[in-house]
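Shown next, in C-alpha cells, is the structure this report addresses.
In what follows, chains are A, B, ... by sequence order, proteins preceding strands, each numbered from 1. Note: hydrogens, waters and symmetry copies are ignored here, and every other heavy atom, side chains too, is used.
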Amino acid sequence: MTPTELSAAIVRILAALQCSGALGEGSLPSEVVIERPKNREHGDWATNVAMQQAGNFGVNPRSLAELVCGQLVALAEVEKAEVAGPGFINITLSADAAGAIAKQIVEAGSAFGFGVAMTGIKLNLEFVSANPTGPIHIGGTRWAAVGDSLARILESQGAAVTREYYFNDHGAQIDRFARSLLAAARKQEAPEDGYAGAYIDQIAQQVLDGTAEDLIALPEESAQEAFRSAGVALMFAEIRESLHDFGVDFDVYFHENSLYESGAVDRAISRLRELGHIFEADGATWLRSSEFGDDRDRVIIKSDGEAAYIAGDLAYYLDKRGRGFDRCIYMLGADHHGYVPRMMAMCAAFGDTPGVNLEIMIGQLVNLVRDGEPVRMSKRAGTVVTMEDLVEIVGVDAARYALVRSSINSQLDIDLALLEKKTNDNPVFYVQYAHARTAQVAVNAASLGVDRSEFEPSLLTHESEEELLAKLIELPRVATTAAEFREPHRVARYLEEVAGAYHRWYDNCRVTPLIGQSAETIHRTRLWLNDAAGVVLRNGLGLLGVSAPERM
RNA sequence: GCGCUUGUAGCUCAACGGAUAGAGCAUCUGACUACGGAUCAGAAGGUUGGGGGUUCGAGUCCCUCCAAGCGCACCA
C-alpha cells in the first residue's frame with residue numbers, strides 16, 4: 001500500500017464518518033498528508049489529518065483521530081493504527097502490504113515517479129539567456145543545470161515544457177562586442193568599455209578566416225557590422241555547443257533582434273497604449289508601471305528615439321503568450337532581481353496575472369573560493385571558470401549534480417582548490433554507485449539462478465528492507481513537490497537518501513544465495529526489491545539529467 | 001537610505017507549520033578469504049544570528065535588531 005493509497009483511504013473514511021453523522025459540516029480535504037515518521041516506534045506512516053481537520057469538522061483532534069483509527073484498522077492492509085500525542089495517527093502496515101510496492105515499482109518501470117498533476121499545462125521555461133559576448137561562466141552553468149533539470153521534472157508531471165533561450169543580439173553590449181572584435185582584428189587594444197581575452201582574438205580571427213572580403217579595410221561602420229553579425233553567430237554557436245555537451249538543448253533560441261525587425265516591439269507598445277498605460281514625457285515614451293506595483297514608471301523609448309531594454313521584454317512576453325503558453329517562467333540571477341517588479345507590472349499592464357502567467361525565479365550567484373578565500377572572477381588573474389572548464393575538470397555528471405543539489409536561494413561556493421584536486425567527494429558518486437550496484441547484483445543473481453519468478457512480499461521484514469521500501473515509494477511525491485515548488489534540489493537530496501537506504505539494505509540482506517545454498521523464495525523476492533531500487537535511482541537521476549551507469 | 005535573498009554541526013548544505021533539527025566532507029573507533037570497501041556500523045559535533053510575537057505545535061509564519069550577498073538609470 002502506497003502513501004497515496006493510504007491518503008485516499010483516509011479521505012474515504014472521513015467521507016463515511018461524515019455521512020454517518022459522526023462528524024459535523026465541513027468540506028472534505030482532497031488529500032491527506034502522509035509522512036514517514038522519523039521515529040520507527042511511530043509506525044510505518046503517520047498523518048496529522050486529525051489536527052488539521054478537527055476545527056473543520058467541529059470535533060477535537062484526539063477524538064477525530066480515534067474515529068479515523070477505528071476505521072483504518074478495518075482495512076486489510078493496516079495492521080495497527082494508534083493515536084499519539086496531540087492527535088497524530090500512527091499507522092503500521094502489514095508486511096505484505098508494505099512489501100507489495102516493490103513489485104509495483106518494477107512493473108511501472110521507467111514510468112514510476114511520473115504523474116499527471118500538470119497535464120494540460122503549456123509552459124515556457126526560459127533560462128541561461130546569457131549574452132553572446134563571451135563563453136558561459138560558472139553562474140550561467142548553474143542555471144543550465146537547474147533549468148534543464150526543472151524542465152525534466154515539470155515534464156514528468158505531464159506539463160508540456162518549452163525550453164527557451166533569449167538571445168540578446170541587440171543593443172549596446174553587442175556593439176561593444178563588435179568593436180572589441182574589430183579592434184582585435186586590427187591588433188589594437190580593446191576599447192575602454194569592451195571585452196578582452198583569448199576568445200575575442202580567436203573569434204576575430206575566425207571572422208577574418210570566414211570571408212574573402214578584406215573586412216578591416218571596410219569603412220568603420222560596415223566593418224563593425226560585419227564583425228557584429230559574424231562574431232555573434234560564432235559566439236552563439238560556441239555557446240550552443242557547450243550547452244549541448246552539458247546535456248542541455250533548447251527547443252527555442254529566440255533572437256531579441258527579431259522583435260525589432262518584425263515590428264513586434266511597436267505592436268506591444270501600441271497594445272499598451274490602447275490599454276491606456278503609456279504616456280509621453282521629457283521626450284521619451286513611458287510605461288505607467290507604478291500603477292502595477294513597480295517603484296516608478298519606466299522609459300520604454302528613450303528621448304533619443306532608441307528603445308530601452310525593457311521594450312524587448314514587453315514584446316517578448318507578448319510573443320510567448322501569443323504562442324499559447326499559459327505560464328512563462330523566467331530564471332534570473334540575483335543580479336537581476338531588481339527587474340522583478342517592472343516585469344510583473346508589465347504582465348499586469350497587459351491584463352495578465354503576475355505570479356501565474358508570469359513567474360520569475362531568482363537564483364543566487366555562484367561564488368568562487370580557494371581554500372575558503374573568495375576569488376573574484378577576473379580574466380587577468382585567470383580565475384574565470386567557464387562551463388567548459390568545469391566539465392573538463394569534473395565531468396558533466398558531477399558538475400550538473402553539484403549545481404543542482406542546492407536550493408537556488410542559497411549562494412553556492414565552488415572551491416577551485418577542491419576542483420583541481422578532482423576529489424571524489426561529490427555525492428553524485430554515492431548515488432551512481434548505488435545504481436551500479438543494483439545492476440551488478442542483478443547480473444550476479446541471474447548467473448546463480450535467482451530470477452523474478454516468485455514474489456512473497458511478507459518476507460521483506462528486515463528493518464533495512466522496511467526503510468528501503470518506504471523510501472522508494474516516495475519518488476512520486478518528491479517529483480510532484482519538486483515540480484510544484486520549482487525545486488530540483490529536492491530530487492537530488494531524495495536520491496541520496498535512497499542510495500543510503502539501498503547500501504544499508506545491501507549490507508544486511510543478500511539477494512544471491514551463499515555458496516552451497518540454493519536459490520529460495522526470499523532471494524527471488526529480494527531481487528524484486530533490488531530492481532525496484534534500480535528503477536527509482538535511474539528515474540530520479542534521469543530527472544536531474546545525470547547518467548545512471550551500470551558499472552563505474 | 002530603500003528593496004530582494006540568505007544566516008542551521010568545524011566546512012558545504014537539507015528539513016509540505018509536526019513528534020528526539022538531518023546528510024555529506026573533515027575528525028576519531030570499528031567491519032570482508034562470501035552479491036563491488038566509491039560500502040557499512042559506531043563516536044563526537046547545535047541556544048537553527050539575537051530578541052519579541054502568532055498557536056495545540058515555529059528552523060519554517062509576523063515584528064524588530066545584527067550580519068552577508070545582490071540590486072535601486074532615458075545601462076543592457
Next on the checklist: Let me spell it out: for each of A:E487 and A:N131, pick the nucleotide of RNA chain B with the closest heavy atom. Which residue's pick is nearer the 5' end?
Outcome noted: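 Between the two, 5'-proximity favours A:E487.
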Next on the checklist: Assuming nearest nucleotide by heavy-atom distance, tell me which of A:D282 and A:H503 is located more 5' along RNA chain B.
Outcome noted: A:H503
[atom1] atom, [N] versus [M]: distance in rounded Å?
N: B:rG49; M: B:rG59; atom1: C1'; value: 12 Å
N: B:rG22; M: B:rU48; atom1: C1'; value: 12 Å
N: B:rC28; M: B:rG50; atom1: C1'; value: 34 Å
N: B:rU8; M: B:rA68; atom1: C1'; value: 15 Å
N: B:rC16; M: B:rA21; atom1: P; value: 16 Å
N: B:rU54; M: B:rU60; atom1: C1'; value: 13 Å
N: B:rA38; M: B:rC25; atom1: C1'; value: 14 Å
N: B:rG24; M: B:rA44; atom1: P; value: 16 Å

Next on the checklist: Can you confirm if the NZ or CZ of A:R298 lies within 45° of the ring axis of A:W286 and under 6.0 Å from the centre of its six-membered ring?
Outcome noted: no
Next on the checklist: Against the six-membered ring of A:Y506, is A:R437 placed for a cation-pi contact (under 6.0 Å from the centre, within 45° of the normal)?
Outcome noted: yes
Regarding [X] and [Y], do their side chains bring together a donor and an acceptor under 3.5 Å, going by distance alone?
X: A:S407; Y: A:E487; value: no
X: A:E454; Y: A:T521; value: yes
X: A:Q432; Y: A:D397; value: yes
X: A:T438; Y: A:N530; value: no

Reckon [X] has a side-chain N or O less than 4.0 Å from the OP1 or OP2 of [N]?
X: A:H489; N: B:rA15; value: yes
X: A:Y506; N: B:rG37; value: yes
X: A:S464; N: B:rC40; value: no

Whole angstroms only, please: what is the [atom1]-[atom2] distance between [X] and [N]?
X: A:Y401; N: B:rA38; atom1: OH; atom2: P; value: 19 Å
X: A:N508; N: B:rG37; atom1: CG; atom2: P; value: 14 Å
X: A:N367; N: B:rU6; atom1: CG; atom2: P; value: 15 Å
X: A:I310; N: B:rC74; atom1: CD1; atom2: C1'; value: 12 Å
X: A:D294; N: B:rA73; atom1: CG; atom2: C1'; value: 13 Å
X: A:Y309; N: B:rG71; atom1: OH; atom2: P; value: 15 Å
X: A:D507; N: B:rG36; atom1: CG; atom2: C1'; value: 12 Å
X: A:N409; N: B:rC70; atom1: CG; atom2: P; value: 17 Å

Under 4.0 Å between any heavy atoms, over every strand shown, what does [X] touch: base, sugar-phosphate, or nothing? Just pick one.
X: A:L412; answer: sugar-phosphate
X: A:A284; answer: base
X: A:R342; answer: base
X: A:Q173; answer: sugar-phosphate
X: A:R437; answer: sugar-phosphate
X: A:H170; answer: sugar-phosphate

Next on the checklist: Output the pairing pattern of RNA chain B as a dot-bracket string, 5' first, Watson-Crick or G-U wobble with both distances under 3.5 Å, | for cross-strand pairs, [ ] for crossing pairs.
Outcome noted: (((((((..((((....[...)))).(((((.......))))).....(((((..]....))))))))))))....
Checklist outcome for this item: Whether each nucleotide of nucleotides 16-25 of chain B has a protein heavy atom under 4.0 Å at its base (B), only at its sugar-phosphate (S) or at neither (-) is summarised, 5' to 3', as B-BBB---SS
Checklist outcome for this item: dist A:L448:CG -> A:S518:OG (nearest 0.5 Å) comes out at 11.5 Å
Checklist outcome for this item: CZ of A:R524 to CG of A:L459, rounded to nearest 0.5 Å, is 12.0 Å
Item to check | Those residues of residues 512-537 of chain A lying under 4.0 Å from RNA chain B by at least one heavy atom | outcome: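 Here the set is A:T512, A:L514, A:I515.
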Checklist entry - Would A:R40 and A:E466 pass as an ion pair if we require N to O under 4.0 Å? => result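 The answer is yes: the pair qualifies as a salt bridge.
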Checklist entry - Any Lys/Arg nitrogen of A:R273 or A:E280 sitting under 4.0 Å from an Asp/Glu carboxylate oxygen of the other? => result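 Salt bridge present between A:R273 and A:E280.
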Checklist entry - Can you find a donor-acceptor N/O pair under 3.5 angstrom joining the side chain of A:H337 to the base of B:rG3? => result yes
Checklist entry - Centres of the A:F88 and A:H42 rings: under 6.0 Å? => result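 Ring centroids of A:F88 and A:H42 are no less than 6.0 Å from each other.
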Checklist entry - Using the benzene-type ring in the case of Trp, are the ring centres of A:Y330 and A:Y166 under 6.0 Å apart? => result no
Checklist entry - Can you check side chain to side chain contact (heavy atoms under 4.5 Å, CB included) on A:E550 and A:V443, steps first, answer last? => result CA-CA 10 Å; A:E550 306 223 328; A:V443 168; over 6 Å; no
Item to check | Atom CD of A:Q517 with >12 non-hydrogen neighbours under 6.0 angstrom | outcome: yes
Checklist entry - Which nucleotide in the list B:rA38, B:rC70, B:rG69 gets nearest to the side chain of A:F429? => result B:rA38
